[in-house]
Amino acid sequence: MFALYFVIFFAACMAAGATGGMFPPGKWYRDLNKPSWTPPDWLFPVAWTSLYVCMSWAGARAAVQGDASLALALWGLQIAINTLWTPVFFGLRRMRAGMVVLSALWVSVAATMVALWSVDTFAGLLFVPYLMWVSVAAALNWSVLKLNPEVANNPPEIET
């Protein structure tokens, strides 16, 4: 049963991750001023794939435990919020709104981690790298916002 749950959670993660293909960073993002500590482009798919495996494993571990309702509900909330950031930041080019989404994501990931921890310690630990990555993403979003106030105040038109 664990394997089936893992596949279901991983499918949810892949659906969220598919927004990266639908809304790639593109020239708009490449032209923005970014902090010197911006991770290299190749790291993002590696990091997200690793995180999605950990998130799926954590969800599957919780799903086979008794009384994991809150942890699983929060897992669903965080993946839904996760799905929003790429379309908001890269699709709509709304850096401030992206920061709002990332703030909500950080809170939901932290809450999920705590809830998972109460059900299965290892499942909670599997969310620690995710919370760290979302913290880096929030710092990067904030830095890009602050380094590009003119773009943040006047987002460019989206080509159709």
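Ring pair Phe10/Trp57: centre-to-centre distance not below 6.0 Å. For Phe127 and Trp133, the distance between ring centers is not under 6.0 angstrom.
The two residues Leu116 and Ala62 come nearest to each other via the heavy atoms CD2-CB, 3.5 Å. Residues Ala60 and Phe6 share a closest heavy-atom pair of CB-N, 3.6 Å. Nearest approach of Ile79 to Ala16, heavy atoms of both residues: CD1-CB, 3.8 Å. What you find for Thr112 and Ala71 is that their closest heavy atoms are CG2-O, 4.2 Å. Of all the heavy atoms in Gly98 and Asn141, the pair that sits closest is C-OD1, 3.4 Å. Nearest heavy-atom pair across Ala58 and Leu126 is N-CD1, 3.7 Å.
Checking side-chain atoms of Asp120 against main-chain N and O of Ala123 turns up a donor-acceptor pair under 3.5 Å. Within the 3.5 Å criterion, the main-chain N or O of Trp75 finds a donor-acceptor partner in the side chain of Gln78. The backbone N or O of Leu131 sits less than 3.5 Å from a side-chain atom of Ser135, completing a donor-acceptor pair. Between the side chain of Thr49 and the main chain of Val46, no donor-acceptor pair closer than 3.5 Å is present. Not a single donor-acceptor pair under 3.5 Å links the side chain of Arg61 to the backbone N or O of Gly59. Formation of a donor-acceptor pair under 3.5 Å by the Lys34 side chain with backbone atoms of Pro39 is not found in this model. The main-chain N or O of Gly20 is never found under 3.5 Å from a side-chain atom of Thr86 such that the two would form a donor-acceptor pair.
Atom CG of residue Leu32 and atom CG of residue Asn148 lie 4.5 Å apart, to the nearest 0.5 angstrom. Atoms CZ and CG, from Arg30 and Asp41 in turn, are 8.5 Å apart once rounded to the nearest 0.5 Å. Atom-to-atom distance recorded for Leu77:CG and Leu70:CG is 10.5 Å, nearest 0.5 angstrom.
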Quiz item: Stepwise, does the side chain to side chain contact (heavy atoms under 4.5 Å, CB included) test hold for Met99 with Arg96?
Solution: CA-CA 5 Å; Met99 196 68 235; Arg96 283 190 181 88; 5.5 Å; no
Quiz item: Is there a side chain to side chain donor-acceptor pair (under 3.5 Å) between Asn82 and Tyr130 once you walk through the steps?
Solution: CA-CA 11 Å; Asn82 177 305; Tyr130 183 23; 3.0 Å; yes
Practice problem: Could you walk me through whether Phe89 and Val144 pass side chain to side chain contact (heavy atoms under 4.5 Å, CB included), step by step? | Solution: CA-CA 11 Å; Phe89 190 89; Val144 170; 4.3 Å; yes
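Crowding of Met132 atom CE: a count of heavy atoms from other residues, nucleotides or ligands under 6.0 Å not exceeding 12. Within 6.0 Å of CH2 on Trp28 lie more than 12 heavy atoms contributed by other residues, nucleotides or ligands. Few gaps surround CG on Asn153; more than 12 heavy atoms of other groups in view lie less than 6.0 Å from it.
Of the residues Trp85, Phe23, Phe44, the one that meets the ring-ring contact (aromatic ring centres under 6.0 Å, His included) test with Phe90 is Trp85.
Met14 and Ile8 fall within a single hydrophobic cluster, where Ile, Leu, Val, Met, Phe, Trp and Tyr side chains are chained together by heavy-atom contacts under 4.5 Å. Leu74 and Val119 fall into different hydrophobic clusters, defined by Ile, Leu, Val, Met, Phe, Trp and Tyr side-chain heavy atoms under 4.5 Å apart, directly or through other members. Hydrophobic clustering (ILVMFWY, side-chain heavy atoms < 4.5 Å, transitive): Met113 and Val107 are in one cluster. Leu92 and Val100 are not part of a single hydrophobic cluster, where members link through side-chain heavy atoms under 4.5 Å apart. Val136 and Trp142 fall within the same hydrophobic cluster, defined by Ile, Leu, Val, Met, Phe, Trp and Tyr side-chain heavy atoms under 4.5 Å apart, directly or through other members.
Listed by chain and residue number, Trp48 satisfy the ring-ring contact (aromatic ring centres under 6.0 Å, His included) test with Tyr52 (two or more places apart in sequence, or in another chain). Residues forming a side chain to side chain contact (heavy atoms under 4.5 Å, CB included) with Ala63 (at least two apart in sequence, or on another chain): Tyr5, Phe9, Leu72.
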